[in-house]
Peer 1: 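Once you've had a glance at the structure underneath, I'll fire off some questions.
Letters A, B, ... are given to chains in the order of the sequence lines, protein chains preceding strands, and every chain is numbered from 1. Atoms considered below: every heavy atom in the structure, side chains included; atoms not considered: hydrogens, waters and symmetry mates.
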There are 2 protein chains.
Amino acid sequence: MQKTTTSPELMLENQLCFTIYACSREFTKLYQPHLDKIGLTYSQYLVMIVLWEKQQCTVKELGEALFLDSGTLTPLLKRLQAAGLILRERSLQDERKVLISLTDKGWALQSEAVCIPGKMAEGTMLSADEFVNLLGQFKSLLARVHEANTAATK
Amino acid sequence: MQKTTTSPELMLENQLCFTIYACSREFTKLYQPHLDKIGLTYSQYLVMIVLWEKQQCTVKELGEALFLDSGTLTPLLKRLQAAGLILRERSLQDERKVLISLTDKGWALQSEAVCIPGKMAEGTMLSADEFVNLLGQFKSLLARVHEANTAATK
DNA sequence: TTAAATTAAATTGTGTACAATACATTTCAT
DNA sequence: ATGAAATGTATTGTACACAATTTAATTTAA
């Protein structure tokens, strides 16, 4: 079949979503060597960040914080449990809920992780101003897209 | 173990990378219903976008355009081939290369895909200005992080 | 108050991602 | 011309990501 010029909206260089998607994977790659040292994947690191902050939460709360569902979290949490970093136990009040909490080993890992954000800032060479500015814009974009999704599901 | 206050850099709400990562997945979710209609996943849609634009390319060129490696692309391309959308054939000049090109069915799909970017703009309610502004910022951040990665691998 | 609806996790199945490795082909330095 | 290095894909193994379904527990409404 013959070639015709692609309409500009369909060109790769004009895809906002692709740029974000590629950006996300490149960022994960930048974390990799630092996370390897403490034995976590990027997704596992995010779960640990939530737990260091909240000490204990349910699978559902983790999913809401990270925008992940139980199909992703359950096996991930089982791996963190197998690594001895977290505990998984049914709530006594509501046995449908599974409470996730940190072991001593899980808490101890925080002191090894605390240097990672600094390493990332160094790697990307973003100033504090740029960082705050980008974070704000991306958060508001996230809120809009998340809103569009929840509106669509309704 | 006892709770101490998490240092601000380790808090989820201050993670630039997480915001981008969540944004990427929420965007993909917004595409999903539209891509379902034409039988593509988001990654497959990106490959088709490159092919509609370049008509033919090697697996390596696809990987460079999309920041993906052969371990991801090979099975994905086999599924597109099984769906009758693309051809995969060894180059005669250099038999290490696999040339990817579109079938008539693959070309025909472009006319069904052309409306998708408009649907996304509608869903997110981004103005043209906001879109261009965000695209530019993400592209420049992508370039910086990619640069940081290639510098690190060197 | 108990049957129906809702909720919370887990499971299953498909499709990425990517590191590491393997393999075949090509290129290059001697 | 030839053995070593480089190149381009494919394969393997681990870990997400998410839709769809299942199971069990809780809430509700008639």
Peer 1: Which nucleotide, in any strand shown, forms a Watson-Crick or G-U wobble pair with D:dA17, with both distances under 3.5 Å?
Peer 2: C:dT14
Peer 1: Contact boundaries of DNA chain D with chain A (under 4.0 Å, heavy atoms), 5' to 3'?
Peer 2: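 Result: D:dA15 to D:dT26.
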Peer 1: Kindly list each side-chain donor-acceptor pair under 3.5 angstrom involving residues 139-146 of chain A, sequence neighbours excluded, with atom names and distances?
Peer 2:
| unit_1 | atom_1 | unit_2 | atom_2 | d |
| --- | --- | --- | --- | --- |
| A:K139 | NZ | B:E13 | O | 2.7 |
| A:R144 | NE | B:T124 | O | 3.4 |
| A:R144 | NH1 | B:E130 | OE2 | 3.1 |
| A:R144 | NH2 | B:M125 | O | 2.4 |
| A:H146 | ND1 | B:E26 | OE1 | 3.1 |

Peer 1: Taking only residues two or more places apart in sequence or in another chain, which ones pass salt bridge (charged side-chain N to carboxylate O under 4.0 Å, His left out) with B:R96?
Peer 2: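 B:R96 satisfies salt bridge (charged side-chain N to carboxylate O under 4.0 Å, His left out) with B:D94 once adjacent residues are dropped.
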Peer 1: Near DNA chain C, under 4.0 Å by heavy atom, which residues of residues 59-68 of chain B?
Peer 2: B:F67, B:L68
Peer 1: I need a per-nucleotide contact map over nucleotides 22-27 of chain C, read 5' to 3'. Cutoff is protein heavy atoms under 4.0 Å; write B for the base, S for backbone only, - otherwise.
Peer 2: ---BS-
Peer 1: Please list, chain by chain and in numerical order, all residues satisfying side chain to side chain contact (heavy atoms under 4.5 Å, CB included) with A:D69, sequence neighbours excluded.
Peer 2: A:T72
Peer 1: Please list residues of residues 15-45 of chain B whose heavy atoms come under 4.0 Å from any atom in DNA chain C, ordered by number; otherwise none.
Peer 2: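 B:T41, B:S43, B:Q44, in order of number.
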Peer 1: Who pairs with A:K60 by salt bridge (charged side-chain N to carboxylate O under 4.0 Å, His left out), at least two apart in sequence or on another chain?
Peer 2: A:E64
Peer 1: Tell me the ring-ring contact (aromatic ring centres under 6.0 Å, His included) pairs involving residues 80-101 of chain A, sequence neighbours left out?
Peer 2: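 Not a single pair qualifies under ring-ring contact (aromatic ring centres under 6.0 Å, His included).
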Peer 1: Restricting to pairs with a member in residues 30-52 of chain A, which pass salt bridge (Lys or Arg N to Asp or Glu O under 4.0 Å), not counting sequence neighbours?
Peer 2: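 For residues 30-52 of chain A, and leaving out neighbouring residues, there are no salt bridge (Lys or Arg N to Asp or Glu O under 4.0 Å) pairs at all.
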Peer 1: Under 4.0 Å from any atom of DNA chain C, heavy atoms only: list the residues of residues 73-87 of chain A that qualify, in numerical order.
Peer 2: A:T74, A:K78
Peer 1: Enumerate the residue pairs fulfilling ring-ring contact (aromatic ring centres under 6.0 Å, His included) with a member in residues 7-39 of chain B, sequence neighbours excluded, ordered by first and then second residue.
Peer 2: A:Y42-B:Y21, B:Y31-B:Y42, B:Y31-B:Y45
Peer 1: Whole Å only: how far is the CZ atom of A:R88 from the C1' atom of C:dA9?
Peer 2: 9 Å
